[in-house]
**Q** 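First the structure, then my questions, so here it is.
Reckoned from all heavy atoms, side chains included, excluding hydrogens, waters and symmetry mates. Since the structure is predicted, the reported quantities are computational estimates derived from the model, not experimental observations.
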Amino acid sequence: MVPLPVKAVAALVVALLACAAPASAQRDVPQNFFGVNYDSDIAKRAPQRLQKEEFDLQARSGVETSRVVLSWRAMQPRRGATPRWSETDSVVEHAAQHGIDLLPVVIESPRWARENPRAYASPPRDPADYADFLVELIGRYGETGSFWAEHPELPKRALRTWHLWNEPHLRFQWDSDAPWAREYGRTLRVAYRAIKRADPGATVVLAAMSNTSWEFLEE
């Protein structure tokens, strides 16, 4: 074997060290910068095998946060019923196994809670009902949630950031005859206080706004 020149050895060592350096040392953006939206058919209708493969792909691609829809309508179709945890448990499990944080957007009033029962995108009639559901979610997936007690084998990635609704300035997301900003603002304040009582360290995220978002935010 022919020995390498000193300069070549030095260059090789530098290259190897660069490859071995942690990702945090190489990146130009903050931690938790890279995220995806995990929604629609892949999240709702795909078989579990395919969903696991999708989280495999997210992890390999450097995804750190996955935004997922938690449908109040699907999870609690009857007033006072224990929410249906099975599908959400699966998503939380996949994310924990892959070291990915979840950003849940909690949306879609069930018929019993709607301001207008016939309108699919109706906001909740009583913000306290929405707030109660959020507290149940924290009780399941928060820092001391029952999900983590039932799954001690998983690395805990508690859900502590809550995205409250989506684009309420658009009728197809918030179908109400009342002024949306006043109504959403009232719901937001009630839900915020409930979340902070249940988990003082939680972060509450305002609903996303599209188009001329600065004008809607001013409202």
**Q** Do the charged groups of D39 and R67 touch, with an N to O distance under 4.0 Å?
**A** no
**Q** More than 12 heavy atoms of other residues, nucleotides or ligands under 6.0 Å from OH of Y192: yes or no?
**A** no
**Q** Should the pair R60-D56 be classified as a salt bridge under the 4.0 Å nitrogen-to-oxygen rule?
**A** no
**Q** Drop me the distance from S122's OG to E108's CD, to the nearest 0.5 angstrom.
**A** 12.0 Å
**Q** Kindly check if the number of other-residue, nucleotide or ligand heavy atoms within 6.0 Å of CD (E87) is above 12?
**A**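 No.
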**Q** Distance only, no hydrogens: is a donor on one side chain within 3.5 Å (strictly under) of an acceptor on the other, for H169 and S213?
**A** no
**Q** State, with a plain yes or no, whether a side-chain heavy atom of V190 is found less than 4.5 Å away from one of R193.
**A**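 Contact flag for V190/R193 side chains = yes.
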**Q** Look up atom CZ in R114 and atom CZ in R73, then write down how far apart they are to the nearest 0.5 Å.
**A**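 Result: 7.0 Å between the selected atoms.
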**Q** For T65, which residues count as a side-chain hydrogen bond (donor to acceptor under 3.5 Å, both in side chains) partner, sequence neighbours excluded?
**A**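 By the side-chain hydrogen bond (donor to acceptor under 3.5 Å, both in side chains) rule, T65 matches no residue at all.
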**Q** Could you tell me which non-hydrogen atom of P77 sits nearest to which non-hydrogen atom of P110, and how far apart they are?
**A** CA-CB, 4.3 Å
**Q** Between M75 and L70, is there a side-chain heavy-atom distance shorter than 4.5 Å?
**A**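 They are in contact (side-chain heavy atoms under 4.5 Å apart), so the answer is yes.
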**Q** Is any side-chain N of the basic residue among R171 and D177 closer than 4.0 Å to the acidic one's carboxylate O?
**A** yes
**Q** Find the distance between OH (Y38) and CD1 (I100) and round it off to the nearest 0.5 Å.
**A**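 It is 10.0 Å, given to the nearest 0.5 Å.
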**Q** Look at the rings of Y130 and W72 and say which category their plane angle falls in: under 30° parallel, 30 to 60° tilted, over 60° perpendicular.
**A** tilted
**Q** Please work out whether the ring planes of F55 and H98 are parallel, tilted or perpendicular, with thresholds of 30° and 60°.
**A** tilted
**Q** Are any non-hydrogen side-chain atoms of D101 and S66 less than 4.5 angstrom apart?
**A** no
**Q** Please report the C-alpha distance between Y141 and W85 in whole Å, then the side-chain angles of each, then the deciding distance to 0.1 Å, and finally whether the ring-ring contact (aromatic ring centres under 6.0 Å, His included) criterion is met.
**A** CA-CA 10 Å; Y141 303 115; W85 300 123; 5.6 Å; yes
**Q** Does E218 have more than 12 heavy atoms from other residues, nucleotides or ligands lying within 6.0 Å of its CD?
**A**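 No, CD of E218 has 12 or fewer neighbouring heavy atoms, counting only those of other groups under 6.0 Å.
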**Q** Is the Y184 to W165 ring centre distance short of 6.0 Å?
**A** no
**Q** Could you give the distance from CZ (R140) to OG1 (T82), rounded to the nearest 0.5 Å?
**A** 10.5 Å
**Q** Report the distance from atom CG of L134 to atom CG of D129, rounding to the nearest 0.5 Å.
**A**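 Here the interatomic distance stands at 11.5 Å.
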